[in-house]
Amino acid sequence: MPDADAVLAALDPEQREVALAARGPVCVLAGAGTGKTRAVAHRIAYAVAIGVVRPDRVLAVTFTTKAAGELRGRLRQLGTATLPGSGLDQVQARTFHAAALRQLTHFWGRVVGGSAPAVLDSKVGLLAEAARRHRLRLELTELRDVASEIEWAKVSQVSPDDYPQAAAKADRAVVLSPERVAALYAGYEDARRERHLVDFESVLELTAAILIEHPVAAAAVRDRYRYFVVDEYQDVNPLQKLLLDQWSGNRDDVCVVGDPRQTIYSFAGASPAYLTGFTRQYPDATVIRLVRNYRSTPQVVDLANRVAGATGLPSGTSAGGGPVAGGAAALVAQRPPGPAPRLTEYPDEQAEVDGVTRAVAALVEAGTPAREVAILVRTNAMTAGYEAALDAVGLPFQLRGAERFFERAEVKQAIGLLRVAARSASAEEDPASAVRPVLTGLGLTKEPPRGRGQARERWESLTALWQLTEDFFGKAPGATVADLAAELELRSVIGHAPDPGGVTLASLHAAKGLEWDAVFLPGLTDGTVPIIYAQTDAAIEEERRLLYVGVTRARERLCLSWALARSPGGRRTRKPSRFLDEVLAQGRRAAGKAAGGPGGDQAGRRDRGKARQGTGQDADSRLDPVAKQCFARLREWRLATAREQAVPAYVVFSDAILAAIAERRPTTSAELASIPGVGAVKLDKYGAAVIALCADELEASGDDE
C-alpha cells in the first residue's frame, strides 16, 4: 500500500508507532513539543488508508477551537498531498462542547419535544437574580467566583444539595460559605430551567443523559462515530469522561493523548487520573511515549527536565507507578544547541521590570520579532509593571487571557474615585493616607481573600494599585493625590493603545499550547511560584507543573528571574522559587568546577553576584564614572522635561534607556536611534537635546571615544 507507506514516511520512530497502532485502545504520552498533533493526524490518515475506518466515522475531540482547527488543517494537508481522494476532510475534529451541542440540538426535538434550549453565555445574570431572591448583595467579582464554583460542581457531577460536603472534601476556598453557594447554585439552576436555557456544562450533561436514557439516540451516535481521538486527556473532567464513555459505548477504538506533567487545571475539575489510569480501564491498551522534543534547544529542555523532576507528576502518581504513570519520561532535545538559560536575581521588583524590559528591547533590536517574545507571569495583576515599561521604551505588546491592567473594572473605578478624593484632600494631609481608604472601600484588605478566583484577582489589582501609589509618592515626595490621579489617568490612556502584534504578556495558564522564540519568566519567588495559597502537596506540585509549562514554551531563549524585595531599598527577604533549587545547585557546581574545585559554592555565589551586577542592579550600576555623571545629568534633564510637559518621567525615557544613552554617549541621530527604545517619535522630540547634553559631557570629560 504505497499511499499508506507515504503517510508513515515523515514520522520519527515513536510517531510511526502511534500511526501503526491503528486499532484498539491507545494511550499516547506526549511530552511538550514532541509533535503530538502530527502523530495523531498521521494515525487517522493511516487508519483510513489501510481501510480500518471511514473518515466520516472519526470523531476527534479537543479542548480549544484552535487545536481542532490545527488538526483539521493537518488532515486537509495530508488528504491533498499524500492521500488525494481519501476524504480526510470529512473527519470531525471538534471541541467537546461543539460536538455535544450538535448532538443535543439534533436529538432534542425527537426525544424531548419542542425547540432545543438556547445556550447561556454567562451565568452572572441568573446568579444575580438568585442572589436577590436570597436577599444577598454580591459584587460582580463574588458572582463570578460563585459561577466558577458552580462550573466546578457541575463538571464534577455534584448537585446543589451535595455541594457543601463535596466542597469541604475538595478543600474548595471561596468568599461565601458553602451553604450560601449551594443555595445560589440551586436558585441558578431553577432560573435556567424556567427560561429554557443551557450552560456549557448542561450541554454535556444533557447530551450524556439523552444517550443514556434513549437507546435509539445512542445507537445512532455510535453508528456514526466508531473511532475516537481525545487530545489533552490529562485535562478531562468527570462530565466529559461520562460523555466520552457514552459516545464510545462498548467499543475500544479510543486513542487518548496527554502529558501528566502539563496537568494545570485541577482547580477547574480536570482529573489526570483518567490518563494515568487508562490501562486500568483498558488492560490491553498500547502505551506509546513521545519524548523527542522538536520545539526547544537542548539547554531549554534540560532545564525543563530539572524543573519537572521526579516529583512533577500529578497527585497519586509516582515515577514508578505503572506503565502510564511512569510514562512521564524526560524530554530528549532534537534541535541544535542554543544559548544557556539566564537566571537573574534582582534587588527589587522595579529593577526586575527594568532589567527584563531592557533585555526584551535588546532582543528586538538584534532582530528577534516582537511577536516571538513573551513575558509570562503567575498572576494577571503582575502584568501592570510590564505594560507600563514596554510602552515607555516604545515596544508594542499584546495581552493574552486578561484585560489590560488599566482596563479592569476595579482599576477604572479606583481612578475615578481618586479624582473625586483629590478635590477634597487638604495640602497638609499625607496623600497616601487619602488614597488608602479609597482602595479599602473597593475591597483592598491586609490579607487576601481565601482561594483563587475573581475576588482574588480584584484584590491583586487593588494591591498593585496601592504599590503604584507607594512608589509614586516615594519618588515624588511633594506630589498630591491629584498628581497621582493624573499619573494613573495618563497610564490608562497609554494602556488603551491598540495591540499591533507585539511582545506577548500572559499568565502561565493562558500560555498553555503556545510557543515563542524567547520566553521571560519573572517573579519566580516562593509565595508567587508556588503561589502562597497552594498549601497542600498536590497544590504545590501543580504549581511545579505550571512552571514546567512556562519553561517549555521557549524555543531558543529562556530567562528566569526573581526579586529579593518589593520596593527599592526594601528588605531583601524573598527567596527564589523552591522549584529552581536543583537548577541553582547545578549552576553552583558548574561554577565550582570552573573555579578549580573546593571553593565551588563560594565561586558559584561570586559568579551569580557578577551576573546580578550586569543585569539586575540599578540602571547605572554597570556604568563607568564618566557615564554615571552623564546618566545623572540625563535624569536631571528628563525631570525638567517631564515637568514642562506635565507627564511622568518614564514617558520621556526610562532609566534603562538613559543608562544605555549614558554608556554610549551618541553624537549623531543615527547613533541615538540605534539604542533600543529610542523610536522615531522620541528621536524627533528629544534627540537634539540628548545629543547636545552628551556632547557637553564628552567635552567636559575630555573623552574622545
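- Taking all atoms of both residues into account, the shortest heavy-atom contact from Gly31 to Gln262 is C-NE2, 4.4 Å.
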For the pair Leu418 and Thr469, evaluate side-chain contact (heavy atoms from CB on, under 4.5 Å) and give the outcome as yes or no after the intermediate values.
CA-CA 11 Å; Leu418 285 175; Thr469 298; 5.5 Å; no
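- Thr525 and Ala563 make their closest contact through CG2-O, 3.5 Å (heavy atoms, listed as atom of the first residue, atom of the second, distance).
- Across Val291 and Ala330, no two heavy atoms sit closer than the pair CB-O, 3.7 Å.
- In summary, Arg137 and Glu142 do not engage in a salt bridge, as defined by a charged side-chain N under 4.0 Å from a carboxylate O.
- Taking a cutoff of 4.0 Å between a charged side-chain nitrogen and a carboxylate oxygen, Asp199 and Lys154 qualify as a salt bridge.
- The CG atom of Asp145 lies 8.5 Å from the CG atom of Leu176; values are rounded to the nearest 0.5 Å.
- Counting heavy atoms from C-beta outward, Arg180 and Val146 have side chains that stay 4.5 Å or more apart.
- Here the shortest heavy-atom pairing between Tyr185 and Ala153 reads CE2-CB, 3.7 Å.
- At a threshold of 4.0 Å, the pair Asp302-Arg306 counts as salt-bridged, since one of the basic side-chain nitrogens sits closer than that to a carboxylate oxygen.
- Not counting sequence neighbours, the partners of Tyr265 by the ring-ring contact (aromatic ring centres under 6.0 Å, His included) test are His509.
- Under 4.0 Å is where a charged nitrogen must lie from a carboxylate oxygen, and between Arg574 and Glu349 at least one such pair does.
- Between Glu201 and Lys123, at least one side-chain nitrogen of the basic residue sits less than 4.0 Å from a carboxylate oxygen of the acidic one, meeting the salt-bridge criterion.
- The CD atom of Glu205 sits 6.0 Å away from the CG atom of Leu239 when rounded to the nearest 0.5 Å.
- Not one N or O on the side chain of Thr344 forms a donor-acceptor pair closer than 3.5 Å with the backbone of Ser561.
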Are Leu444 and Thr463 close enough, and set up right, to give a side-chain contact (heavy atoms from CB on, under 4.5 Å), and what steps lead you there?
CA-CA 7 Å; Leu444 179 64; Thr463 299; 3.4 Å; yes
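- With rounding to the nearest 0.5 angstrom, the OG1 atom of Thr62 is 11.5 Å from the CG atom of Asp235.
- Each of Arg578, Lys575, Arg378 was compared with Asp526 under the salt bridge (charged side-chain N to carboxylate O under 4.0 Å, His left out) criterion, and only Arg578 meets it.
- Note: Leu242 CG to Leu204 CG = 9.5 Å, rounded to the nearest 0.5 Å.
- Counting only heavy atoms from C-beta outward, the side chains of Leu275 and Leu29 approach each other to under 4.5 Å.
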Walk me through whether Glu410 and Leu442 qualify under side-chain contact (heavy atoms from CB on, under 4.5 Å).
CA-CA 7 Å; Glu410 60 271 19; Leu442 293 174; 5.8 Å; no
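- Surrounding CD of Gln281 are more than 12 heavy atoms belonging to other residues, nucleotides or ligands, all under 6.0 Å away.
- With Ser156 contributing its side chain and Val158 its backbone, the two residues share no donor-acceptor pair below 3.5 Å.
- Judged by distance alone, the side chain of Asp259 and the main-chain N or O of Gln234 form no donor-acceptor pair under 3.5 Å.
- Looking at heavy atoms from C-beta onward, Phe520 lies in side-chain contact with Val373 at the 4.5 angstrom threshold.
- Using a 4.5 Å heavy-atom threshold, the side chains of Glu543 and Phe579 count as touching.
- Checking side-chain atoms of Ser577 against main-chain N and O of Val529 turns up a donor-acceptor pair under 3.5 Å.
- Side-chain polar atoms of Glu352 and Trp562 form no donor-acceptor pair below 3.5 angstrom.
- Judged purely by atom type and a 3.5 angstrom limit, Ser507 uses its side chain to pair as donor or acceptor with the backbone of Ala510.
- The structure places CG of Leu143 at 8.0 Å from OG1 of Thr141, a figure rounded to the nearest 0.5 Å.
- Side-chain N/O atoms of Gln240 and Tyr274 include no donor and acceptor closer than 3.5 Å.
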Please lay out, stage by stage, how Phe96 and Phe200 fare under the test side-chain contact (heavy atoms from CB on, under 4.5 Å).
CA-CA 10 Å; Phe96 266 103; Phe200 289 114; over 6 Å; no
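- Cation-pi geometry between Arg436 and Trp466 is met: the NZ or CZ atom falls under 6.0 Å from the ring centre, inside 45° of the normal.
- Across all their heavy atoms, Pro522 and Tyr386 have their closest contact at CB-OH, 3.2 Å.
- You'll find the side chain of Pro347 stays beyond 4.5 Å of the side chain of Leu564, heavy atoms only.
- No side-chain heavy atom of Val300 sits under 4.5 Å from any side-chain heavy atom of Asn293.
- Shown here for Leu505 and Phe397, the closest heavy-atom pair between the two residues is CD1-CD1, 3.9 Å.
- For the pair Tyr233/Lys241, a side-chain contact is recorded, criterion being any heavy-atom separation below 4.5 Å from C-beta on.
- Residues forming a salt bridge (charged side-chain N to carboxylate O under 4.0 Å, His left out) with Arg133 (at least two apart in sequence, or on another chain): Glu129, Glu194.
- A donor-acceptor pair under 3.5 Å is absent between the side-chain atoms of Thr528 and the main chain of Leu524, judged by distance alone.
- Remark: Arg553 CZ to Arg295 CZ distance equals 4.5 Å, nearest 0.5 Å.
- Judged by distance alone, the side chain of Arg545 and the main-chain N or O of Thr263 form a donor-acceptor pair under 3.5 Å.
- Although no hydrogens or angles enter the test, the distance criterion places a donor-acceptor pair under 3.5 Å between the side chain of Asn305 and the main chain of Leu331.
- Here the side chain of Arg544 pairs no donor or acceptor atom with the backbone of Ile540 at under 3.5 angstrom.
- Leu136 is listed as a side-chain neighbour of Leu184, based on a closest heavy-atom distance under 4.5 Å.
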